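Down below is the structure, laid out as structure tokens.
Worth saying up front: this structure is predicted, and the values here are computed from it rather than measured.
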Amino acid sequence: MAQLQYDLIQSELSEPFAVPQEAITHFETYGYVKLKNVLSPQLLEHYGAIITDLVFKLNKLTKPMEERTTYERAFLQVMNLWRESEEAKEFVFSKRLARIATDLLQVKGVRLYHDQALYKESSGGITPWHADQFYWPLSSPKTVTVWIPLQETLMEMGPLAFAEKSHHVEIGRDVEISDESEALMNEQLKQFTLNETPFELGEVSFHAGWLFHRAGANVSGRPRKVMTMIYMDEDQQIVQPRNEYQQADWETWLLSRPVGGPADSELNPVLYQY
């Protein structure tokens, strides 16, 4: 890549993206928002190649599809790429994306919880209904995940779908992602409007930690490549883990920092601050 083009991509990662008030209101009301033209095709092509190389290098799930659980069929999942590559770190630490998260959460700054690549293979199955914060030993709902497709994501690829306003109720908050969560929440979430639409190239979504979401199977014959980062209020506090998954997250992503104290381990740097 020519130096000038690389410099432009670098500046794009840092430049502010104007978040309109109606987007902040939509996020607060519905629990998510989709924003178009957040990242350029050139940037996504450059970092998409880096992220894809890391996914194939670091992925440990090699079982045939027919031998996998529903969760394993949903996607290849590789976490904290920022610790594996300086170039991946440039992307994960994007001030543009972290500032959007800060604006949507209406806080003074955000920390990284962790990043994860989610690659739904060409024959990958559904991602069952779930709420991310079930897995997180955090005190406040001031959390948000950015979902960044690295290609245009048509319906047949399994774009992310949202149960609008489901972050306002406490149903299903003790359910892990599974066939059971899919069956239970399919019934429970009928009261909510489903938003399931394709993603244009450069379009990204931000969803709240307690918002229920899912994705369809990938029947496109091509992999659905997605990168995500989870942000939390910089003042987020750690709570006593309430299940085995939160226990594992506390140890892995928060480095067992003291319960009742700030979520400020070396793995949770502040990525944006006003």
Side-chain angles (χ1 to χ4, degrees), residues 30-36 38-39 41 44-45 47-49 51-52 54-56 59-79 81 115-132 134-135 144-164 166-167 172 175-190 192-209 211-230:
Y30 294 98
Y32 76 96
V33 69
K34 294 177 72 172
L35 300 171
K36 296 181 186 291
V38 173
L39 300 171
L44 291 169
E45 180 181 12
Y47 286 103
I51 292 164
T52 298
L54 285 169
V55 168
F56 287 120
N59 169 57
K60 294 180 172 60
L61 180 59
T62 58
K63 288 189 289 189
M65 194 67 73
E66 60 272 14
E67 295 178 14
R68 300 184 195 177
T69 65
T70 297
Y71 184 83
E72 290 171 335
R73 287 195 294 270
F75 39 63
L76 303 179
Q77 183 178 30
V78 182
M79 315 238 197
L81 298 184
D115 71 54
Q116 57 182 349
L118 300 172
Y119 275 42
K120 194 179 286 288
E121 294 160 277
S122 58
S123 56
I126 68 162
T127 307
W129 282 115
H130 66 285
D132 297 335
F134 166 81
Y135 295 90
V144 62
T145 298
V146 61
W147 199 82
I148 309 160
L150 301 174
Q151 72 292 299
E152 180 185 16
T153 305
L154 305 176
M155 290 304 297
E156 58 262 31
M157 299 186 85
L160 206 58
F162 310 96
E164 296 186 337
S166 59
H167 63 310
V175 180
E176 66 183 279
I177 184 171
S178 62
D179 291 331
E180 290 71 28
S181 76
E182 178 71 5
L184 172 67
M185 300 316 295
N186 258 337
E187 190 61 36
Q188 294 283 341
L189 295 172
K190 285 179 179 176
F192 301 104
T193 301
L194 173 69
N195 180 297
E196 185 176 25
T197 52
F199 281 70
E200 298 174 5
L201 187 64
E203 184 175 16
V204 306
S205 65
F206 289 79
H207 65 267
L211 185 83
F212 276 89
H213 55 285
R214 75 182 298 277
N218 183 6
V219 296
S220 69
R222 294 171 289 142
R224 188 212 69 184
K225 304 173 182 178
V226 170
M227 186 61 179
T228 70
M229 282 84 82
I230 303 162

Given the rule in the side-chain contact (heavy atoms from CB on, under 4.5 Å) test, do L201 and L44 qualify, once you have shown the distances and angles that lead to the verdict?
-> CA-CA 8 Å; L201 187 64; L44 291 169; 3.7 Å; yes
Any chance you could lay out the side-chain contact (heavy atoms from CB on, under 4.5 Å) test for V144 and H207, step after step, and finish with the verdict?
-> CA-CA 5 Å; V144 62; H207 65 267; 5.8 Å; no
Given S220 and L154, is the side-chain contact (heavy atoms from CB on, under 4.5 Å) satisfied, shown in steps?
-> CA-CA 9 Å; S220 69; L154 305 176; over 6 Å; no
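Partner of V204 under the side chain to side chain contact (heavy atoms under 4.5 Å, CB included) criterion, chosen from V33, V38, V226: V38. K120 pairs with exactly one of N218, T153, T127 by the side-chain hydrogen bond (donor to acceptor under 3.5 Å, both in side chains) rule, that one being T127.
For the pair P159 and F199, the tightest heavy-atom approach, listed with the atom from each and the gap, is CB-CD1, 3.9 Å. The minimum heavy-atom distance linking L160 with S205 is given by the pair CD2-OG, 4.1 Å. Nearest heavy-atom pair, E203 versus P198, reported as atom, atom and distance to 0.1 Å: OE1-O, 3.9 Å.
Side chain of R224 to backbone of G158: a donor-acceptor contact under 3.5 angstrom is found. When atom types are taken as modelled, the side chain of E156 and the backbone of V219 share no donor-acceptor pair closer than 3.5 angstrom. Under the 3.5 Å distance criterion, the side-chain polar atoms of T145 are left unmatched by any main-chain donor or acceptor of I230. Side-chain atoms of H213 come within 3.5 Å of backbone N or O of L211 as a donor-acceptor pair. Using a distance-only test at 3.5 Å, with no hydrogens or angles considered, a donor-acceptor pair links the side chain of T52 to the main chain of G48.
Here the CE-CG distance, from M227 to L150, works out to 8.5 Å after rounding to the nearest 0.5 Å. Taken to the nearest 0.5 Å, the CZ atom of F212 stands 10.0 Å off from the CG atom of D132. Within the model, atoms CG of L81 and CD1 of I51 stand 6.5 Å from one another, a figure rounded to the nearest 0.5 Å. Atom-to-atom distance recorded for Q151:CD and K225:NZ is 7.0 Å, nearest 0.5 angstrom. Atom-to-atom distance recorded for R214:CZ and E196:CD is 6.5 Å, nearest 0.5 angstrom. Here the straight-line distance linking atom CD of Q116 with atom OG1 of T228 works out to 4.0 Å at 0.5 Å rounding.
Taking the ring centroids of F206 and W147, they lie at or beyond the 6.0 Å cut-off.
When the side-chain contact (heavy atoms from CB on, under 4.5 Å) test is applied to Q188, the partners found at least two apart in sequence or on another chain are I171, L184, M185. Taking the side-chain contact (heavy atoms from CB on, under 4.5 Å) definition, one finds that T197 meets it with K34, N195, sequence neighbours left out. Contacts of E200 classified as salt bridge (Lys or Arg N to Asp or Glu O under 4.0 Å), with partners at least two apart in sequence or in another chain: K36.
At least one side-chain heavy atom of L189 sits less than 4.5 Å from a side-chain heavy atom of S166.
Shown here is Y30, whose OH atom has no more than 12 heavy atoms of other residues, nucleotides or ligands within 6.0 Å.
Ring geometry for F162 versus Y32: interplanar angle under 30°, hence parallel rather than tilted (30 to 60°).
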